[in-house]
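Right, one structure below, let's go through it.
The sequence lines fix the lettering, A, B, ..., with proteins before strands; numbering per chain opens at 1.
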Protein chains: 2
Amino acid sequence: MAKSQSVSLSVIRRLPRYYRFLSDLKAAGILRISSRELSSRMGLTASQIRQDLNCFGGFGQQGYGYNVEQLHAEIGNILGVGKKHKTILLGAGNLGKAVAAHMDFEAKGFDLIGVFETDKQMIGKNLRGLKILSSEMLVPFCKEHQPLVAILCIPKDSARKASDLLVELGIKAFWNFTHYDFAVSHPGIVVENVHLGDSLMILSYRVNETLEGNSTDNKE
Amino acid sequence: MAKSQSVSLSVIRRLPRYYRFLSDLKAAGILRISSRELSSRMGLTASQIRQDLNCFGGFGQQGYGYNVEQLHAEIGNILGVGKKHKTILLGAGNLGKAVAAHMDFEAKGFDLIGVFETDKQMIGKNLRGLKILSSEMLVPFCKEHQPLVAILCIPKDSARKASDLLVELGIKAFWNFTHYDFAVSHPGIVVENVHLGDSLMILSYRVNETLEGNSTDNKE
DNA sequence: TAGATTGTTAATCGATTAACAATC
DNA sequence: TAGATTGTTAATCGATTAACAATC
């Protein structure tokens, strides 16, 4: 099971996009695809696609290309879409609510089992079939259910305080929507950041660059 | 005003994080900082910080370091936080509502002037001080107000259809929360993608990798 | 002035692209 | 078999790190 060598994050970050394109191809009834054809659809080089896939094994066949359904399944497997990691959400404000209601956790390897909020107004309300719990229930809940993943949709300072506690309680991974910066503080813990504000500022820079006319192309 | 040479996207993507750290330093009353000190706080190399900043000019002073307030202002300026680009939001579902309510557009160079939704239930309701408009109003609204940026929080197929129309109407940049893939289709248009689903799948991969024990460290 | 720290050039490292032999 | 397309090695390109002279 152990991969011979750790695959670079650059490659990993492209996998979900491959997975989406293959879903679409599958839905369109396309059975096979060459790296060349896929590359032109995705705006990548065929070389890169073959390099990326060969980090995980030879899924293609010379002279034929890749079987769409099989490759889709393989990448899903690599990404762990079949897992059911117990997950809790901290914060049922605008963002927390949207994430909980919007995201297909089951299709991505997660199982949302608890939502916690400090605002008394929200406690007891229903979110995605879960009763929102008081954050006072966090410790007993984690001791009982042993969640592995925590989604942070709380203010920065709360995140700072909560993170150490959560790690003590056995949380191994964070989906972090806050501005709290884990950076160096928790080795061995996985942190995937979603910094919406940063993303918007990057857009700002790029718009301005384009408007000023000294743009080259639109890269992404 | 024109930069001598286009700055790489890798550098641009780090700027908002510098900006946040400098905000914090400023708030903490710290007046000056060396690249070495900043690097240890941010988990980068001092070399990288100096390289990054020197893409835009020499903001530091030999023997002293960087003036926190000045550098903060410079980076804010580079990112265009003082701009007020007219922006519209398509989709006032869970995600659209959360983004509209949550994001500090004014602090990031944008001015949200219109929200559009197809669901009759939502039309007329208030969101961030704006009355939600029927998507039938999109064309006349754009003709009158000439927005520059569109935020897409609508289904994939709607995004595909809307994007061409929006470009025709003069939209030059998209903040894209959908799975619609602009990739090659609209040259000269800026697209900043926020793929929450992809981010969650990357977390999935990394959790599994860590749990299987063949992890190295937590990189990010 | 001496010490500190930048700005910048050179060296290294990693990621992407190109090329081609292997093979279906 | 001949044609197509992979898997994989080699070449290129870009980004990061190291080093150090310039200078406050």
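Pair check for D:dA18 finds C:dT9; Watson-Crick or G-U wobble, both atom distances under 3.5 Å. Across all strands shown, D:dC24 forms a Watson-Crick or G-U wobble pair with C:dG3, both key distances being under 3.5 Å.
In this structure, the side chain of A:N77 does not engage the main chain of A:A73 through any donor-acceptor pair within 3.5 Å.
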Subject >> Candidate pair B:E192 and B:R13, rule salt bridge (Lys or Arg N to Asp or Glu O under 4.0 Å), full reasoning >> reply: CA-CA 11 Å; B:E192 173 75 15; B:R13 294 205 169 279; 3.2 Å; yes
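In the 5' to 3' direction, nucleotides of DNA chain C lying under 4.0 Å from heavy atoms of chain B begin and end at C:dA4 to C:dA10.
Heavy atoms of A:S47 sit under 4.0 angstrom from at least one base atom.
Open room surrounds CD on B:E69; 12 or fewer heavy atoms of other groups in view lie less than 6.0 Å from it. Within 6.0 Å of NE2 in B:H195 there are more than 12 heavy atoms belonging to other residues, nucleotides or ligands. With a 6.0 Å radius and a threshold of 12 heavy atoms from other residues, nucleotides or ligands, A:K156 has its NZ atom above the threshold. Counting heavy atoms of neighbouring residues, nucleotides and ligands inside a 6.0 Å radius, atom CZ of A:R128 exceeds 12 of them.
Within residues 63-73 of chain B, the residues having any heavy atom closer than 4.0 Å to DNA chain D are, in order of number, B:G63.
Map B:S34 and A:Q51 each onto its nearest nucleotide of DNA chain C; the residue landing nearer the 5' end is B:S34.
Stacking of A:R41 on the aromatic ring of A:F21 is not recorded, the 6.0 Å distance cut-off and the 45° axial limit not both being met. Relative to the six-membered ring of B:Y64, B:R32 meets both conditions, a distance below 6.0 Å and an angle of at most 45° to the axis.
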